[in-house]
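Basis for what follows: all heavy atoms, side chains included, without hydrogens, waters or symmetry-related copies. All of these numbers come straight from a predicted model, not from anything done at the bench.
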Amino acid sequence: MEGGWKEVLAVLVVLAGLAAPGSGYQIIEGPHNATVLEGSEARFNCTVSPGWKLIMWALQGTVVLSVTPREPIITNDRFTSESYEDVDGNFISEMIIHNAQLSDSGWVKCSLQNSDREGLAFLAVQVMGALYIPNDSIVVTEDEPCTVTCRALGWSPLPNISWEVAVPVSQSSYYSFLEPGEPRSTVSVLALTPQGNGTLTCVANLRSVQAHKAVAVNLTVVQSPSDNTEKSGASLPTWAIALLAVLCVSVFILIVVLIIVFCCCCSSRRKKKESVYQIKIRNSEKDNTKKGTSETKLKNENENYAFSSDELRTTQMAPLPPKSKEASAQRQPSSSPPPQEPRKQQPGPASRPQVSFNIASPQKVRSATLV
């Protein structure tokens, strides 16, 4: 009897062991959390003790892959499996998610058939969006503050933006803020005071996946107009400066001479006008004086009552006596009037000729003017 009871108890123990869930095999190590970039692969491992019959992989509560000791059961090409065996003889099942998408983010579960034990891990898919600077090349003025803007669009999560300044500057700083209306975009502004040419690089980092994206812009620095003028003046050699000074002085002297000549010409013209006017006045006065003198002479001749026209005719018809040499010699000096007389007494008008008679006789000498 005792032996029969022992056999019954052994059978019951075996049956209880077989009916117990997970008896004989279990999940030794479940998958671990993973963070990947969008478009890359995500891998999860599940270690199971020997004796398992079916391993199931679920993403966000849905079974996407099943593995049997013979082969995996693939229902979607994005989810594949690989198998390994460790040194202790345990089975390692690896699920590979190809071309991970942002929508794949969620819980990943590894479980065994007829077992309540399971392994959980979280999949985080990050998106690296666009990064750009509005201008490929920027031209600024030397030693004048300026700003450069960098935009990160469509990132998940938002990146950390930093700047690499390969430009000589007196000061620089930057700050970031969320772009209004764009929850997955951020803006970074770099403020600097450049002193030379160089390159500015905007870098966006996703630290969890050790990924980054960068964009660069060329910065060209030009001098201000005032600095150009000062430097151009300072760059002139000494001889050029001296020549420029001489030219300036020469031009100044020439201008002064032209002004003096102009003034002299104006004054000479005025004097000429005045002299012509004075000459006209003097000539008119002389004409008036001559007219008065001729009228006076005419009156005196009219008052000479001893004069008769018969005597004048006789005088004209009578031949002159021969002149002796002595008489001619004595008359020569008297015949030439003094040098001052012709200048003082100018001949009268052509309409009043004067005729003088000089008769060598004891008679009275008469002079008459014919009108």
Side-chain angles (χ1 to χ4, degrees), residues 27 29-48 55-68 71-84 92-111 118-136 148-164 174 176-190 199-217:
I27 296 175
E29 184 179 1
H32 298 280
N33 296 336
T35 301
V36 297
L37 283 176
E38 184 180 35
S40 62
E41 293 182 351
R43 293 175 176 264
F44 297 92
N45 294 334
C46 185
T47 304
V48 181
I55 299 175
M56 293 176 292
W57 289 95
L59 177 64
Q60 298 177 359
T62 303
V63 177
V64 294
L65 179 66
S66 298
V67 180
T68 64
E71 60 183 0
I73 302 173
I74 299 174
T75 59
N76 190 331
D77 293 338
R78 289 182 58 235
F79 303 93
T80 60
S81 174
E82 291 185 5
S83 301
Y84 309 95
I92 300 174
S93 175
E94 182 180 33
M95 182 183 68
I96 303 172
I97 303 176
H98 301 274
N99 189 21
Q101 300 297 316
L102 182 62
S103 59
D104 295 335
S105 298
W107 292 102
V108 175
K109 183 175 67 172
C110 171
S111 62
E118 60 185 16
L120 293 175
F122 188 83
L123 171 63
V125 179
Q126 296 187 354
V127 179
M128 182 180 291
L131 183 70
Y132 71 96
I133 297 175
N135 298 321
D136 296 335
V148 182
T149 303
C150 180
R151 285 184 169 84
L153 303 176
W155 291 67
S156 179
L158 294 177
N160 295 321
I161 298 180
S162 60
W163 289 86
E164 295 177 359
Y174 64 89
S176 300
F177 59 91
L178 294 176
E179 191 168 6
E182 294 289 342
R184 295 172 57 187
S185 301
T186 183
V187 179
S188 180
V189 178
L190 172 66
T199 304
L200 301 174
T201 305
C202 176
V203 182
N205 290 297
L206 292 174
R207 295 179 180 178
S208 56
V209 293
Q210 299 298 318
H212 70 277
K213 182 178 286 188
V215 61
V217 62

Would you say [X]'s side chain and [Y]'s backbone share a donor-acceptor pair under 3.5 angstrom?
X: Ser105; Y: Val125; answer: yes
X: Arg78; Y: Asn99; answer: yes
X: Glu118; Y: Gly30; answer: no
X: Lys109; Y: Met56; answer: no
X: Glu182; Y: Glu179; answer: no

State, to 0.1 Å, how close [X] and [Y] come at their nearest heavy-atom pair, and which atoms those are.
X: Thr199; Y: Ala216; value: CG2-CB, 3.8 Å
X: Gln210; Y: Arg207; value: NE2-O, 2.9 Å
X: Ala211; Y: Leu37; value: CB-CD1, 3.7 Å

How about [X] and [Y]: do any of their side-chain heavy atoms sit closer than 4.5 Å?
X: Trp155; Y: Thr186; result: no
X: Arg151; Y: Pro134; result: yes
X: Arg184; Y: Leu153; result: no
X: Ser81; Y: Met95; result: no
X: Val36; Y: Leu123; result: yes
X: His98; Y: Asp77; result: no
X: Ile97; Y: Asp104; result: yes
X: Trp57; Y: Phe44; result: yes

Let me confirm one number: the [atom1]-[atom2] distance from [X] to [Y], rounded to the nearest 0.5 Å.
X: Asn45; Y: Ser93; atom1: CG; atom2: OG; answer: 8.0 Å
X: Leu65; Y: Thr80; atom1: CG; atom2: OG1; answer: 7.5 Å
X: Asn76; Y: Thr62; atom1: CG; atom2: OG1; answer: 11.5 Å
X: Ile133; Y: Leu190; atom1: CD1; atom2: CG; answer: 9.0 Å
X: Ser162; Y: Asn205; atom1: OG; atom2: CG; answer: 5.5 Å
X: Ile161; Y: Phe177; atom1: CD1; atom2: CZ; answer: 10.0 Å

Inset, instruction - Show your reasoning for whether side-chain hydrogen bond (donor to acceptor under 3.5 Å, both in side chains) applies to Ser208 and Gln126. - result: CA-CA 9 Å; Ser208 56; Gln126 296 187 354; 2.5 Å; yes
Legend entry - All side chain to side chain donor-acceptor pair (under 3.5 Å) counterparts of His212, not counting sequence neighbours: none
Inset, instruction - For side chain to side chain contact (heavy atoms under 4.5 Å, CB included), just list the numbers for Tyr84 and Glu94, CA-CA rounded to whole Å, side-chain angles, deciding distance to a tenth of an Å, and then say yes or no. - result: CA-CA 8 Å; Tyr84 309 95; Glu94 182 180 33; 2.9 Å; yes
Inset, instruction - Please determine, by modelled atom types, if Trp163 and Ser188 share a side-chain donor-acceptor pair under 3.5 angstrom. - result: yes
Inset, instruction - Start with the C-alpha distance between Leu131 and Cys150, add both sets of side-chain angles, then the distance that settles side chain to side chain contact (heavy atoms under 4.5 Å, CB included), and finish with yes or no. - result: CA-CA 7 Å; Leu131 183 70; Cys150 180; 3.4 Å; yes
Inset, instruction - For the pair Ile55 and Ser66, evaluate side chain to side chain contact (heavy atoms under 4.5 Å, CB included) and give the outcome as yes or no after the intermediate values. - result: CA-CA 6 Å; Ile55 299 175; Ser66 298; over 6 Å; no
Legend entry - side chain to side chain contact (heavy atoms under 4.5 Å, CB included) between Ile73 and Thr68, intermediate numbers included: CA-CA 8 Å; Ile73 302 173; Thr68 64; 4.1 Å; yes
